[in-house]
Novice: 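Questions regarding the structure given below will be posed in turn.
Both ligands and their constituent atoms are indexed starting at 1 by order of listing.
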Amino acid sequence: MNYRHLYHAGNFADCMKHALLTALLHALSRKNTPFSVLDTHAGIGLYDLSSSQAEATGEWREGIGRLLDLPPDMPDLEPLEDWLALVRQVMKEYAGKMMYPGSPEIVLRALRPGDSLVCCELHPEDQRALRRLFHNNSTVSVHCRDAYEAVTALLPPKTARRGLVLIDPPFEERSEFTDLVKAVTTARQRFPSGIVAVWYPIKHRSPPRAFFNALQDTGQRNLLNLELTIRPPLDPGLLNGCGLLIANPPFKFDEEGAAILSALCKYLGDGNTESLVEWIVPE
Ligand SMILES: C[S@@+](CC[C@H](N)C(=O)[O-])C[C@H]1O[C@@H](n2cnc3c(N)ncnc32)[C@H](O)[C@@H]1O
């Protein structure tokens, strides 16, 4: 396990994932009944963007850095408002330090009494950091458990009938897309009402397309795909874009997601950024 998210936290791909995650949580909060979130690849929860690791790549400067430099009341940032307000709030609580919230911290802040968060993180050091972050929080449990095993072992959630499974792998394994097809299928079998959101990288077009074909072959329905590319995906050595595949998306999430991606397109990348929202399989 070589991947450490601290090097990449706050980059354009995190902006896309976290802005959409915030909107998914917002949709879950519209109903009063409790929800549960399983974050299968949780990371450390909170990232110090002034750390040597984050500065070594400087990726965050082309992501959250650009967005935080904009005046917060700009009308075209409105679809990003909830997420950006959360990021600003976290930084304020850390006395203006560049502390960037990862997926578990974003989820934690959306939980209401009765809701819950279950995190899995396999890297021993990152798992310890995550436990430290949530040490006195009874609504969050942290497991040192393989994400794909967790989808079977921890679903359906014990405490709620509604919820979200976020699957955000590092894509170090060649089998990752194949593993994801199995994971999405299993998650939906075990938790049919749950939303399942899978982040994936776009280096070139063919691996994600093969992933969608494989999902279609399973016969699953109600699969929405959202993508952001900062350049045409022609050089497979680069992270040219990323996507979020969502099974069972909330009502009208195609429209809400499109607005979020359009807002990101204006400020991320170097003028060639594009977004795409498509139904891989309709409801
Ligand atoms: C992309 S990062 C997660 C970022 C996080 N979801 C966020 O948005 O803030 C992927 C994480 O998964 C962990 N990981 C890798 N393989 C795993 C596995 N099989 N099970 C659980 N965690 C794993 C890595 O250590 C890394 O921290």
Side-chain angles (χ1 to χ4, degrees), residues 1-25 37-49 51 53-54 57 59-60 63-64 83 86-87 90-91 98-110 117-134 140-155 164-184 186-187 195-203 226 228 239 241-246 264:
M1 294 184 68
N2 294 318
Y3 182 91
R4 309 305 297 276
H5 196 63
L6 184 51
Y7 287 90
H8 310 289
N11 68 4
F12 79 91
D14 257 11
C15 293
M16 188 260 198
K17 173 179 59 190
H18 294 151
L20 291 172
L21 171 63
T22 303
L24 288 173
L25 293 162
V37 177
L38 171 60
D39 190 343
T40 61
H41 298 74
I44 62 174
L46 197 56
Y47 296 88
D48 181 355
L49 300 182
S51 65
Q53 295 94 329
T57 64
E59 286 182 23
W60 68 269
I64 190 65
W83 166 62
L86 187 153
V87 174
V90 171
M91 291 183 177
M98 291 299 282
M99 299 302 282
Y100 178 76
S103 53
E105 183 68 28
I106 292 172
V107 174
L108 176 74
R109 284 165 189 262
L117 167 62
V118 178
C119 300
C120 294
E121 171 54 53
L122 212 48
H123 194 291
E125 216 175 293
D126 288 1
Q127 190 247 337
R128 276 196 297 277
L130 191 62
R131 270 184 202 280
R132 269 199 305 275
L133 182 67
F134 293 144
V140 183
S141 50
V142 177
H143 296 244
C144 186
R145 185 164 215 163
D146 173 65
Y148 295 111
E149 190 195 296
V151 166
T152 305
L154 303 178
L155 291 178
L164 167 69
V165 182
L166 174 65
I167 308 181
D168 181 21
F171 282 82
E172 286 184 304
E173 304 293 335
R174 291 180 78 86
S175 64
E176 203 84 67
F177 275 117
T178 312
D179 294 339
L180 283 171
V181 175
K182 284 188 216 143
V184 173
T186 305
I195 302 166
V196 182
V198 176
W199 182 91
Y200 62 87
I202 303 175
K203 295 187 169 181
L226 302 103
L228 187 81
L239 183 64
C242 59
L244 198 71
L245 186 281
I246 309 180
L264 291 171

Novice: For the aromatic rings, using the six-membered ring if either is Trp, is the centroid distance between Y3 and H8 under 6.0 Å?
Specialist: yes
Novice: Contacts table for ligand 1: protein N or O within a distance under 3.5 Å of ligand N or O, distances only.
Specialist:
| unit_1 | atom_1 | unit_2 | atom_2 | d |
| --- | --- | --- | --- | --- |
| ligand 1 | 6 (N) | H41 | O | 2.8 |
| ligand 1 | 6 (N) | S103 | OG | 2.9 |
| ligand 1 | 6 (N) | D168 | OD2 | 2.7 |
| ligand 1 | 8 (O) | K17 | NZ | 3.1 |
| ligand 1 | 8 (O) | H18 | NE2 | 2.8 |
| ligand 1 | 8 (O) | S103 | OG | 3.3 |
| ligand 1 | 8 (O) | D168 | OD2 | 3.3 |
| ligand 1 | 9 (O) | S103 | N | 2.9 |
| ligand 1 | 19 (N) | D146 | OD1 | 2.6 |
| ligand 1 | 20 (N) | A147 | N | 2.8 |
| ligand 1 | 22 (N) | L122 | N | 3.3 |
| ligand 1 | 25 (O) | E121 | OE2 | 2.6 |
| ligand 1 | 27 (O) | E121 | OE1 | 2.7 |
| ligand 1 | 27 (O) | E121 | OE2 | 3.3 |

Novice: Compare every heavy atom of Y200 with every heavy atom of L245, then report the nearest pair and how far apart it is.
Specialist: N-CE2, 4.0 Å
Novice: Tell me which pairs pass salt bridge (Lys or Arg N to Asp or Glu O under 4.0 Å) where either residue lies in residues 168-178, with sequence neighbours left out.
Specialist: K17-D168
Novice: Checking the side chain of E121 only, and the main-chain atoms of G43 only, is there a donor and an acceptor separated by less than 3.5 Å?
Specialist: yes
Novice: Looking only at non-hydrogen atoms, find the nearest pair between M91 and M99 and report the distance.
Specialist: CG-O, 3.4 Å
Novice: Determine the minimum heavy-atom distance between L239 and P201, stating which atoms define it.
Specialist: CD1-CB, 3.5 Å
